[in-house]
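By convention in this document, chain letters (A, B, ...) are assigned in the order of the sequence lines, proteins followed by strands, and residues within each chain are numbered from 1. The structure displayed is predicted, hence computed values, not measured ones.
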Number of protein chains: 2
Amino acid sequence: MRDFMEIVKAMADENRIRILYCLKDRELCVCQVIEFLGLAPSTTSKHLSILHQARLLDSQKKGRWVYYRTAGPDASPVVQQALAWVFGALEQDKQIQADRQTLEAVLRMEPEELCKIQAER
Amino acid sequence: MRDFMEIVKAMADENRIRILYCLKDRELCVCQVIEFLGLAPSTTSKHLSILHQARLLDSQKKGRWVYYRTAGPDASPVVQQALAWVFGALEQDKQIQADRQTLEAVLRMEPEELCKIQAER
DNA sequence: CCTATAATTCGCTATATGACGAAATATAAT
DNA sequence: ATTATATTTCGTCATATAGCGAATTATAGG
């Protein structure tokens, strides 16, 4: 029950659902997710941590950068079903569609470039 | 997105998950759910209302009694998948198994009898 | 009509959560 | 070694939520 509740609660926030979508079949470093959401680094990092703790995200550290992506085939059936449910439910959603545009813009920039811009704020 | 978030948030509480389970393939009146959870009537009613608002529960009024049950085949695919996910995930859960015992005990009493007992508290 | 009662709504309190900026940590580059 | 920088952790605030009891609503029965 605890594991299940951790997953549901991790999904019970709109920004975290948007994160799941932008990390579907793609890995992004934290600064890219920060740019995508438009939230503070600390807030974004917390969201990622909650999703990771619930096993909805895999993470990989590469030097100074940390990359996240949605859980792969190693994930438990409960997690797999959760992701399938979310992705099925919001395929046509306005916000998610808009997010796809935002994400493309973010992807056009290299992480290095992005972090430099964020440092200037 | 709003509908989806309403569903996820409705599921993001352990007592509400327990309610979903006890109303699976079975309709119960509010006083039975009160007894099942052991929470105050006002609290229980709020939980039921949240689940109903999210379309996870159907309700039917019969005189003074209100009966709830999990959403039937008319429900949207998103709701159906949500229920299938929950029910699949917790089939073996300790709490849910214990709840089955509790529920049997509750079902042995008639609603009328039950309400009378609750009134005395 | 009036009373009893099943359920809901309201007002309140305690705790949980999301947001931020500042400080800390960890790694790369000089 | 020292500095720069990507990320996380910590402290704080504002808002959201779960819980209760009291008051209200709606229906059944006298």
Would you say a side-chain N or O of [X] is under 4.0 Å from OP1 or OP2 of [N]?
X        : N      : value
A:His47  : C:dT17 : no
B:Lys116 : C:dT5  : no
B:Ser45  : C:dT8  : yes
B:Tyr68  : C:dA6  : no
B:Arg64  : C:dA4  : no
A:Ser42  : D:dT8  : no

How long is the straight-line distance from [atom2] of [Y] back to [atom1] of [X], given to the nearest 0.5 Å?
X       : Y       : atom1 : atom2 : result
B:Ile96 : B:Glu14 : CD1   : CD    : 8.0 Å
A:Asp25 : A:Thr70 : CG    : OG1   : 6.0 Å
A:Leu20 : A:Leu51 : CG    : CG    : 5.0 Å
A:Gln95 : A:Arg18 : CD    : CZ    : 4.5 Å

Among [options], which nucleotide sits nearest the side chain of [X]?
X       : options                : value
B:Pro41 : C:dA19, C:dT8, D:dT7   : C:dT8
B:Ile50 : C:dA19, C:dT8, D:dA18  : D:dA18
B:Lys61 : C:dG18, D:dA18, D:dA26 : D:dA26
B:Ala40 : D:dG21, D:dA26, C:dT8  : D:dG21
B:Trp65 : D:dT8, D:dA6, C:dA7    : C:dA7

* Asked: When the nearest nucleotide of DNA chain C is assigned to A:Leu39 and to A:Lys9 on a heavy-atom basis, which residue is associated with the more 5' position?
  -> A:Lys9
Rounded to the nearest angstrom, tell me the gap between atom [atom1] in [X] and atom [atom2] in [N].
X        : N      : atom1 : atom2 : answer
B:Glu113 : C:dA6  : CD    : C1'   : 16 Å
B:Arg18  : D:dG19 : CZ    : P     : 10 Å
A:Gln118 : D:dT5  : CD    : C1'   : 12 Å
A:Gln60  : D:dA6  : CD    : C1'   : 16 Å
A:Leu37  : C:dA19 : CG    : C1'   : 13 Å
A:Glu112 : C:dT27 : CD    : P     : 17 Å
A:Glu14  : D:dA16 : CD    : P     : 14 Å
B:Gln53  : D:dT17 : CD    : P     : 13 Å

* Check: A:Tyr68 side chain, A:Leu28 main-chain N or O, donor-acceptor pair, under 3.5 Å -> no
* Contact class for B:Lys46 (heavy atom, under 4.0 Å): base, sugar-phosphate, or nothing? -> nothing
* With sugar-phosphate meaning primed atoms plus P, OP1 and OP2, does A:Tyr67 contact a base, only sugar-phosphate, or nothing at under 4.0 Å between heavy atoms? -> nothing
* Angle class for the A:Phe4/B:Trp85 ring planes (parallel below 30°, perpendicular above 60°, tilted otherwise)? -> tilted
